[in-house]
Structure formats: structure tokens, C-alpha cells
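Reading through the C-alpha cells given below for one structure.
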Amino acid sequence: LATGPRQNNGIFYEIRTYDIKPAKMKEFLELIKKYFHFRTAHSELVGFWYSELGAMNKVFHIWKYDNFAHRTAVRHALANDQDWQGKFISAALPLIEKQHNEVAYLVPWCQLGKPPKEGGVYEWVTFQMKPGGPALWGDAFRAAINAHVNTGYTSLIGVFHTEYGLLNTVHVLWWNESPDHRAAGRHSAHEDARVVAAVRDSVRFLESQQNVLLIPLQCSPLK
């Protein structure tokens, strides 16, 4: 997971997760709709979602940076953007309970994809793997992901391996037409001997797993 093309350039992804106060989610989403263009004017947004199942009152957003100097420059510009600070940040901060961010790279064997059409749902799956890194579990993890891809019931959008944050963490972003389509596909996958064998090999290295169903916001490039 940690060797390959990503080491030849500085591109990385910042994954941000915010816990919103339960009574304030609607207000927060309205602020996003009204003012988020001030933020996207500074750097590339990959996607922005709110949680529907598996977590409550959370939003997830992913930003792409060319390197760490690029991120530093963007953060400096944002701090001096009066529209962003005055219209969004000052109003949004009282609505947020907690913020969390990670830096991650796309794994070398996965390019960032797009859904075949708009209007579906996304699934954010976080795998906490055993210490030891990709040298220990990389091949088995890749085989398990590819086994699911090969069933054709779901679309892989991206596989992200953390560099800052909790290490040995891999986030996998999937797309499905609907929650029911995802459920039917999962049922079929559980009866597919190829998937079962690949997962059984990978799960030996797994510490924990969390699945969250996500709905894209209007501002999200991934819809």
C-alpha cells in the first residue's frame, strides 16, 4: 500500500470529519450551501457528505493538495479571507462539537474514481489493521478489495492509507445506486466463494471496521 506512484509526487488528501451538534445539523448544512464557495475558491474539494447510517450528525469532506507547502499556502490564504472567516467560520464554529483530520495517500493500485452516474449513495469504510503496515497485510487487503470489485455490485471510488492520524488505517470509499442495491449486492458477495476466501485471508490482520452510509451535498464534486 505504501510503495509506488504516490512516492514519486507529493499529492495527498486531507480527510476531515466534523461532529455537528444534533440540533444544529440543518443550520450547518444551510451555511455550507450559502457560503462554501468561498472555501472551494482556494483548493480542490474531492467530496463532501453527511452521514445517514453508521454515524449520526457527522460530515465528511476530502481535500486534495499537491504537497504540504501547497496546504500551508491555502491555510494561510483562508486565514486572511474575510468572507470565509466572517461569513462562514464565525457562524459555523458554534455549531461544531468536534473536528478531526487525517492526511492520507491513495494506494498505488487505485486511482480516484467517479460514480457511473449521479444520485446514488456512498459508503465510507474504515479498516483499522494490525501494526506492521502494508508489508504485513497489504497484499491480503488488496485481494479482498479486488474480490468485491470483481463481483460488480459496487463501484470503488478510492482507497486511502493514512500518513498522519491513526496509523495502519485504511479508508475505502464505495458507491452504490441505493442502500437496497448495496444490501442485495452484499448478500450476493457473502455467497461468492471468491469473496469469502479473500476476506477470510485479510481479516486475520483486522483490528476493527466501521461502515458509514453517506449522502453527498450539492457542493460535492462526487455526487
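What you are looking at is a predicted structure, and each value in this text was computed from that prediction instead of being measured.
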key: side chain to side chain contact (heavy atoms under 4.5 Å, CB included) evaluation trace for Phe12 with Glu163   = CA-CA 9 Å; Phe12 66 86; Glu163 183 78 5; over 6 Å; no
inquiry  = Pairing donors with acceptors under 3.5 angstrom, does anything connect the side chains of Asn211 and Gln209?
reply    = yes
inquiry  = Is there a continuous path of hydrophobic side-chain contacts, each under 4.5 Å between heavy atoms, that joins Phe205 to Val195?
reply    = no
query = Can you hop from Val196 to Val199 via hydrophobic side chains spaced under 4.5 Å?
reply = no
message = Given Asp81, which partner from the list Lys87, Arg39, His42 fulfils the side-chain hydrogen bond (donor to acceptor under 3.5 Å, both in side chains) test?
response = His42
ask   = Taking a hydrophobic cluster as the set of Ile, Leu, Val, Met, Phe, Trp and Tyr residues connected by side-chain heavy atoms closer than 4.5 Å, whether directly or through intermediates, do Ile32 and Ile215 fall within one such cluster?
value = yes
ask   = Does some side-chain heavy atom of Leu95 sit less than 4.5 Å from a side-chain heavy atom of Lys21?
value = no
ask   = Do you reckon Val172 sits in the same ILVMFWY cluster as Tyr153, going by side-chain contacts under 4.5 Å, direct or chained?
value = no
inquiry  = Would you say that Val107 contacts Phe141 through its side chain, given a criterion of any heavy-atom pair below 4.5 Å between the two side chains?
reply    = no
task = Fit a plane to each ring of Trp124 and Phe160, take the angle between them on a 0 to 90° scale, and name the class: parallel (under 30°), tilted (30 to 60°) or perpendicular (over 60°).
result = tilted
message = If you define the side chain from C-beta out and look only at heavy atoms, does anything of His76 sit under 4.5 Å from Asn80?
response = yes
key: Short side-chain to backbone donor-acceptor contact, Glu177 and Arg182, under 3.5 Å   = no
message = Between Leu214 and Ser51, is there a side-chain heavy-atom distance shorter than 4.5 Å?
response = yes
ask   = Looking only at atom types and distance, does a side-chain atom of Tyr122 sit under 3.5 Å from a main-chain N or O of Lys223, one as donor and one as acceptor?
value = yes
ask   = How about Tyr13 and Leu112: do any of their side-chain heavy atoms sit closer than 4.5 Å?
value = yes
query = Does the side chain of Trp49 come within less than 4.5 Å of Ile62's, by heavy atoms?
reply = yes
key: Side chain Asn67, main chain His70, donor-acceptor under 3.5 Å   = yes
query = So, does Arg204 use its side chain to make a donor-acceptor pair with the main chain of Asp201 at under 3.5 Å?
reply = yes
task = Say whether Ile96 and Met56 are linked into one hydrophobic cluster, either directly or through other cluster members, by side-chain heavy-atom distances under 4.5 angstrom.
result = no
ask   = Which residues pass the side-chain contact (heavy atoms from CB on, under 4.5 Å) test with Ile89, sequence neighbours left out?
value = Trp84, Gln85, Leu93
task = Answer whether the closest heavy-atom distance between the side chains of Pro116 and Trp175 falls below 4.5 Å.
result = yes
task = Applying side chain to side chain contact (heavy atoms under 4.5 Å, CB included), run through Phe88 and Leu78 and close with a yes or a no.
result = CA-CA 11 Å; Phe88 181 83; Leu78 287 169; over 6 Å; no
query = Can you name the one residue among Trp63, Phe60, Tyr18, Phe36 that meets ring pair (Phe, Tyr, Trp, His ring centres under 6.0 Å) with Phe48?
reply = Phe36
request  = Go through Asp19 and Asn57 one step at a time and tell me if the side chain to side chain contact (heavy atoms under 4.5 Å, CB included) criterion holds.
outcome  = CA-CA 6 Å; Asp19 288 16; Asn57 302 303; over 6 Å; no
request  = Kindly assign one of parallel, tilted or perpendicular to the pair His148 and Trp174, based on the angle between their ring planes and the thresholds 30° and 60°.
outcome  = tilted
query = Within the side chain of Lys33, is there an N or O that forms a donor-acceptor pair under 3.5 Å with the backbone of Leu217?
reply = no
message = If you compare all heavy atoms of Ser202 against all heavy atoms of Ala144, which two are closest, and at what distance to 0.1 Å?
response = CB-CB, 3.8 Å
task = Please report the C-alpha distance between Trp137 and Val170 in whole Å, then the side-chain angles of each, then the deciding distance to 0.1 Å, and finally whether the side chain to side chain contact (heavy atoms under 4.5 Å, CB included) criterion is met.
result = CA-CA 11 Å; Trp137 41 259; Val170 186; 3.8 Å; yes
Main-chain N/O of Gly133 paired to Asn168 side chain as donor or acceptor, under 3.5 Å = yes
